[in-house]
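Chain identifiers are assigned alphabetically (A, B, ...) following the order of the sequence lines, protein sequences preceding nucleic acid strands; residue numbering begins at 1 within each chain. These values consider heavy atoms only, across backbone and side chains, with no hydrogens, waters or symmetry-generated copies.
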Number of protein chains: 4
Amino acid sequence: MAQRTASAEDKRQLLLGAAVRVFAEKGYHAARVGDIAEEAGVAYGLLYHYFRSKDEVLETIFQTTWRNMLATVESIAEAGGPAGEQLRKVTEVILRTWRRDPDLVRVLVREVTRSSQLPRQVDEIAAALRALQAVIERGQAAGELRADIDARLASVVWYGALEEVLTGWVLGRLADDDEGIAEAEQTVVAMLGNGLVPR
Amino acid sequence: MAQRTASAEDKRQLLLGAAVRVFAEKGYHAARVGDIAEEAGVAYGLLYHYFRSKDEVLETIFQTTWRNMLATVESIAEAGGPAGEQLRKVTEVILRTWRRDPDLVRVLVREVTRSSQLPRQVDEIAAALRALQAVIERGQAAGELRADIDARLASVVWYGALEEVLTGWVLGRLADDDEGIAEAEQTVVAMLGNGLVPR
Amino acid sequence: MAQRTASAEDKRQLLLGAAVRVFAEKGYHAARVGDIAEEAGVAYGLLYHYFRSKDEVLETIFQTTWRNMLATVESIAEAGGPAGEQLRKVTEVILRTWRRDPDLVRVLVREVTRSSQLPRQVDEIAAALRALQAVIERGQAAGELRADIDARLASVVWYGALEEVLTGWVLGRLADDDEGIAEAEQTVVAMLGNGLVPR
Amino acid sequence: MAQRTASAEDKRQLLLGAAVRVFAEKGYHAARVGDIAEEAGVAYGLLYHYFRSKDEVLETIFQTTWRNMLATVESIAEAGGPAGEQLRKVTEVILRTWRRDPDLVRVLVREVTRSSQLPRQVDEIAAALRALQAVIERGQAAGELRADIDARLASVVWYGALEEVLTGWVLGRLADDDEGIAEAEQTVVAMLGNGLVPR
DNA sequence: AATGAATGAGTTTTCATTCAT
DNA sequence: TATGAATGAAAACTCATTCAT
């Protein structure tokens, strides 16, 4: 029975992986349920054994990703160290997702607004934002970061910058080779951390 | 005939305004052509005298908005003055759109990804980004801004921050009263301009 | 506009007539919306201009028929005369529907139960039953009919007998030539009528 | 092996009983095979060990019920006695089914038409009608019943009256307490019986 | 006998768009 | 210009049934 459960979980993952590829290629809306099933090599009816609807598939992708993101940010935060260094690590982790799983990022970037319609997703994203905010607040408390800036707003600004860089890569607006990625990391950290104005 | 043209233009605007309200309320996809016509108080067939398709209506909204945005950014750039001040003005203009026309911002934020699918839009957004980039480059040339940061990346980061603040307002994640708006402006300018790290 | 309305009403009738024929032939469930449209010679989308759903088409057929039935029964009742004679006329009118519009009777008989699921129909049928009941009550009050029998039950029994005769014709269980119809009328009236007459 | 067979028969009955309850509650069409299995407390695949299809389940319910009905009517007929008394007994047996197994009657009444599509059912019902007809014919031959009324038609009328009374109870149109049931029996017998008796 | 994962046929309905008036 | 009747493409989803285990 453990076997059966494991196998069922495998099938779920198989479908989820196929969905990411298909959504990345054609977009959520244009992707037909049959495309996902075909990509996964199963009959489309099977998708409805594992998910309530096509929507739930996307929702699951978002939820899983954000949960992981949240866990990563939190583990970085818990690891301690200078706030600036923590923010650099968060930036690095998030931006490197592009190299690790470009299809996933494509889906995330293209369907953000769809996800934000769904109340549940908002919670997940909000949780990640709060984690980022907490890092900033601790940095402010420790005197490492400016205390005259609202931590929540700062987290929103930081997150927006990251999302837009990813969007730039997805849309081909920005160079996404190794050098481009490294430069983006540095730029985000430099601009947000130290500012654009020379000192 | 001038009158007729004017009247035709009025009808177009009437339909566009109605479309913004309807798209803001139900989202582009859920909005039916009939809803827009009803909101505008005309028969739905009439929409096809002024627009080729429902898609073109959204496209027009984006194009017009971005053209205005671009013109504004360019006029700020042409007006001259310190780069930092120019960036502050751009930030102010973009963020105050929320107060001026929240429905428009709702549509823009909710349908960004759809817009980025449409090739024509990319140009408009890209043009606005280039204008922002130009401001930064001039600031770098004048020694007012750090020259070790890629201007294109900087424009992307800046734009991302603005978009995410608007998103925060749309989703109710951030306070959007006058004070909240003022604080957001200052925070964006402060963080991106001067950095989060105290000097 | 009167013309347009008339034409619209014609189209509705066209679709309703086609629906009766198709439902009669294949049954409501097996009948596809496309079959009705094809029978009517229009595109199936048009059906949705005139009816909310396939269900509403059937509902309309029932409602119209029962409304007519009710009107007929009431007009017979209002015409006055001996109760027995009124019941004979009602029987005649209902049974002769089979000759007048066999397809309609086929639909009515085959889909009775479906109609009784729909709350609105219940009212229509109930109204017709009440009219029949009223005829019986007046006959009882006038001493023409036995007063020791509950008029409501009597109307139900009478109606059941009529429905089953129609069912017999629909299923080919009973002869439905002119002679068969005449005999059925006489039999129903004889069995039910003489039973109601005091001795 | 007798045990195994008995157990298998039990499972069949278990499933049939569950099907009656589920069909009574949601109707045949809305009832899913899974619902029946769940009501019976077994996996839905098991249903296919005992029945060829969902349709066969309903068919079996009808067949069993009608076979019993037929047997009952025939045993009443064979017991002899005055025809009027026999008809009273038949009426009593059929109407009391409502008290004995309301769910079964609900299914029978709601799905009559569905059953009449199925050729096999027609035979069963036809057989019961013939039995009723035989009772009447014997009554006519014995001079106890009017001979000027067609026995087949009379059986149809009688059956229709019974079915409609049951329908009235199912739909809540008629009182179905003990008194209501008793009155219905008497009314049917009085109306139909006295009408058949020569004067 | 029992389970439930897997299959895929089958159909209503929506709604953007066209076009006769 | 304006109307709204007419068209038909397009796809998610349900659920009866099969079958490997």
Side-chain angles (χ1 to χ4, degrees), chain A residues 1 3-5 7-8 10-12 15 29-37 40-57, chain B residues 4 7-8 11 29-38 40-57, chain C residues 1 3-5 7-8 10-12 15 29-37 40-57, chain D residues 4-5 7-8 10-12 29-37 40-57:
Chain A
M1 171 152 152
Q3 189 125 19
R4 192 186 303 163
T5 304
S7 154
D10 288 354
K11 218 35 101 56
R12 246 184 95 90
L15 282 163
H29 195 74
R32 280 160 298 154
V33 171
D35 294 333
I36 301 172
V42 298
Y44 64 86
L46 190 57
L47 189 140
Y48 292 91
H49 268 271
Y50 294 100
F51 304 95
R52 210 175 302 281
S53 65
K54 181 185 167 190
D55 229 68
E56 204 191 75
V57 175
Chain B
R4 193 189 300 165
S7 153
K11 242 348 136 46
H29 195 73
R32 282 159 297 161
V33 172
D35 293 332
I36 301 172
E38 192 185 19
V42 299
Y44 59 87
L46 189 58
L47 189 139
Y48 290 89
H49 274 273
Y50 296 99
F51 303 95
R52 207 175 304 281
S53 67
K54 181 187 168 188
D55 231 67
E56 203 190 74
V57 175
Chain C
M1 175 158 145
Q3 188 123 24
R4 193 186 301 162
T5 304
S7 153
D10 287 354
K11 218 36 102 56
R12 246 183 95 91
L15 283 163
H29 195 74
R32 280 160 298 154
V33 171
D35 294 333
I36 301 172
V42 298
Y44 61 86
L46 189 58
L47 189 140
Y48 291 91
H49 268 271
Y50 295 101
F51 305 95
R52 212 176 300 284
S53 65
K54 181 186 167 189
D55 229 69
E56 204 192 74
V57 175
Chain D
R4 194 189 298 164
T5 304
S7 153
D10 287 355
K11 253 327 147 51
R12 246 183 93 89
H29 194 74
R32 283 160 296 163
V33 171
D35 294 332
I36 300 172
V42 300
Y44 59 87
L46 189 58
L47 187 140
Y48 290 88
H49 275 273
Y50 296 99
F51 304 94
R52 208 177 304 281
S53 66
K54 181 188 169 188
D55 231 68
E56 203 190 74
V57 175

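- Nucleotide F/dC15 holds its P atom 5 Å from the CZ atom of D/R32, rounded to whole Å.
- Residues forming a side chain to side chain donor-acceptor pair (under 3.5 Å) with C/R12 (at least two apart in sequence, or on another chain): none.
- For D/A40, the side chain to side chain contact (heavy atoms under 4.5 Å, CB included) criterion is met by D/L14, D/L15, D/A18, D/V42, not counting sequence neighbours.
- The ring pair (Phe, Tyr, Trp, His ring centres under 6.0 Å) check on D/H49 picks up nothing, with sequence neighbours excluded.
- Phosphate contact (OP1/OP2 of F/dA11, side-chain N/O of A/K54, threshold under 4.0 Å): absent.
- In this structure, A/D10 places its CG atom 11 Å from P of E/dA6, rounding to the nearest Å.
- A pairwise comparison of heavy atoms in B/H29 and A/H29 identifies CE1-CE1, 2.8 Å as the closest pair.
- Within residues 42-51 of chain D, the residues approaching DNA chain E are D/V42, D/A43, D/Y44, D/G45, D/L46, D/H49, D/Y50, by heavy-atom distance under 4.0 Å.
- As a whole-Å value, the separation of A/K11 NZ from F/dA20 C1' is 12 Å.
- Counting to the nearest Å, the C1' atom of F/dC15 and the CG atom of D/D55 are 14 Å from each other.
- Comparing D/S53 and A/H29 along DNA chain F, the residue whose closest nucleotide (by nearest heavy atom) sits nearer the 5' end is A/H29.
- Considering only residues two or more places apart in sequence or on other chains, B/R52 meets the side chain to side chain contact (heavy atoms under 4.5 Å, CB included) condition with B/E56.
- The CD atom of C/E56 sits 14 Å away from the C1' atom of E/dT12 (whole-angstrom rounding).
- C/A43 and C/A37 make their closest contact through C-CB, 3.8 Å (heavy atoms, listed as atom of the first residue, atom of the second, distance).
- Set against E/dT17, E/dA1, F/dA16, the side chain of B/V33 has E/dT17 as its closest nucleotide.
- Residues A/Y44 and A/Y48 share a closest heavy-atom pair of O-CD1, 3.6 Å.
- C/R52 places its CZ atom 18 Å from the P atom of E/dT12, with the value rounded to the nearest Å.
- For DNA chain F, if you chain together Watson-Crick or G-U pairs that step i with j, i+1 with j-1 and so on, the runs of at least three with distances under 3.5 Å are E:2-21 with F:2-21.
- Residue contacts for C/A31: at a heavy-atom cut-off of 4.0 Å it reaches the sugar-phosphate backbone alone, with no base atom in range.
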